[in-house]
Chemist: 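Mind having a look at this structure? Questions to follow.
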Amino acid sequence: MCSVFKEGNNILKPGRVVIASTARGPASAIWAGFARSEILAWWINQGAEEVELTATSFAERSENTGQLVWEDIPEYHVISALLDNRKSPPLLKIMTRPASDEEVARFQHPRMPVIQRRKFEAVRPAHEEPDLFSIVE
């Protein structure tokens, strides 16, 4: 999944407003959960929009110890997410995928965030909290 992520020295967690890069520019939304990548087509059919979160690292909470296990995000890579437009304002959901055997051993968690190369233009750091779901000019 992605219990928290870091942009610079700021740690973001669910329930916070984050800024995402979209095909139409930056947008802000409340991080309200997770979406399985295996059903991406279903999310898109429901009106969700693919977005990206700029981050320097993420952490999963070990199901065995309860401790956060951190991983750096490679340069030019982002956390993949969705804007769930079924509610107003839209809610942000981080895309997840099944963890590999090596990731399960390291993170002690069955799901991982989808990390991919950036597709959209980068926006200012995710920790800046503008008006909810505003397009940043």
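The structure presented is a predicted model; accordingly, all values stated were derived computationally and were not measured. These values consider heavy atoms only, across backbone and side chains, with no hydrogens, waters or symmetry-generated copies.
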Chemist: Hey, are the side chains of Pro90 and Asp84 touching, using non-hydrogen atoms and a 4.5 Å cut-off?
Modeler: no
Chemist: Near Gln46 CD, under 6.0 Å, is it more than 12 heavy atoms from other residues, nucleotides or ligands?
Modeler: yes
Chemist: Measuring from atom CD1 of Ile44 to atom CG of Leu82, what distance do you get when rounded to the nearest 0.5 angstrom?
Modeler: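 With rounding to 0.5 Å, CD1 (Ile44) is 6.0 Å from CG (Leu82).
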Chemist: Closest approach of Val104 and Pro110, non-hydrogen atoms and distance?
Modeler: CG2-CA, 4.4 Å
Chemist: Can you confirm if the aromatic rings of Trp70 and Phe107 lie within a centre distance of less than 6.0 Å?
Modeler: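 No: the rings miss the under 6.0 Å criterion.
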Chemist: Following the transitive rule for hydrophobic clusters with a side-chain heavy-atom cut-off under 4.5 Å over Ile, Leu, Val, Met, Phe, Trp and Tyr, establish whether Val78 and Val18 coincide in one cluster.
Modeler: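 No.
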Chemist: Please check if atom CG in Asn64 has more than 12 non-hydrogen atoms from other residues, nucleotides or ligands closer than 6.0 Å.
Modeler: yes
Chemist: Val51 and Phe120: which non-hydrogen atoms are nearest, and at how many Å?
Modeler: CA-CE1, 4.1 Å
Chemist: Between Glu50 and Lys119, which heavy-atom pair has the shortest distance, and what is it?
Modeler: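 Scanning both residues completely, I find the closest heavy atoms to be OE1-NZ, 3.6 Å.
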Chemist: Drop me the distance from Ile73's CD1 to Lys6's NZ, to the nearest 0.5 angstrom.
Modeler: 11.0 Å
Chemist: Is there a side chain to side chain contact (heavy atoms under 4.5 Å, CB included) between Thr54 and Glu7 once you walk through the steps?
Modeler: CA-CA 7 Å; Thr54 300; Glu7 172 61 10; 3.6 Å; yes
Chemist: How about Ile79 and Ile115: do any of their side-chain heavy atoms sit closer than 4.5 Å?
Modeler: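 The answer is yes, as the side chains (C-beta and beyond) meet within the 4.5 Å cut-off.
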Chemist: Can we say Arg106 and Glu60 salt-bridge, meaning some charged N sits less than 4.0 Å from an Asp/Glu carboxylate O?
Modeler: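 No.
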Chemist: What are the two closest non-hydrogen atoms of Thr56 and Gly8, and how far apart are they?
Modeler: OG1-N, 3.5 Å
Chemist: Between Arg97 and Glu103 (salt bridge meaning N to carboxylate O under 4.0 Å), is one present in this structure?
Modeler: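 Answer for the salt bridge query: yes.
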Chemist: Could you walk me through whether Gln116 and His77 pass the side chain to side chain contact (heavy atoms under 4.5 Å, CB included) check?
Modeler: CA-CA 5 Å; Gln116 64 185 25; His77 285 70; 5.5 Å; no
Chemist: Can you confirm whether Lys93 sits close enough to Phe34 that some side-chain heavy atom of one is under 4.5 Å from a side-chain heavy atom of the other?
Modeler: no
Chemist: Ser3 and Trp31: which non-hydrogen atoms are nearest, and at how many Å?
Modeler: O-CH2, 3.8 Å
Chemist: Pair Arg36, Trp43 - check side chain to side chain contact (heavy atoms under 4.5 Å, CB included), show working.
Modeler: CA-CA 9 Å; Arg36 293 179 313 149; Trp43 280 105; 5.7 Å; no
Chemist: Would you compute the distance between atom CZ of Arg118 and atom OH of Tyr76 and round it to the nearest 0.5 angstrom?
Modeler: 10.0 Å
Chemist: Would you mind reporting whether Glu38 and Pro98 have side-chain heavy atoms less than 4.5 Å apart?
Modeler: yes
Chemist: State, yes or no, whether a side-chain contact exists between Glu49 and Asn85 at a heavy-atom distance under 4.5 Å.
Modeler: yes
Chemist: Any link between Phe5 and Leu92 through a network of hydrophobic side chains (Ile, Leu, Val, Met, Phe, Trp, Tyr) touching at under 4.5 Å?
Modeler: yes
Chemist: Donor-acceptor pair, Ser21 side chain versus Pro26 backbone, under 3.5 Å?
Modeler: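 The answer is no, because no donor-acceptor pair under 3.5 Å joins these two groups.
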Chemist: Hydrogens and angles aside, do Thr96 and Arg111 bring a side-chain donor and acceptor to less than 3.5 Å of each other?
Modeler: yes
Chemist: Check Met95 against Ser37 and note the closest heavy-atom contact, atom names and distance.
Modeler: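 In terms of heavy atoms, the two residues are closest at CE-CA, 3.2 Å.
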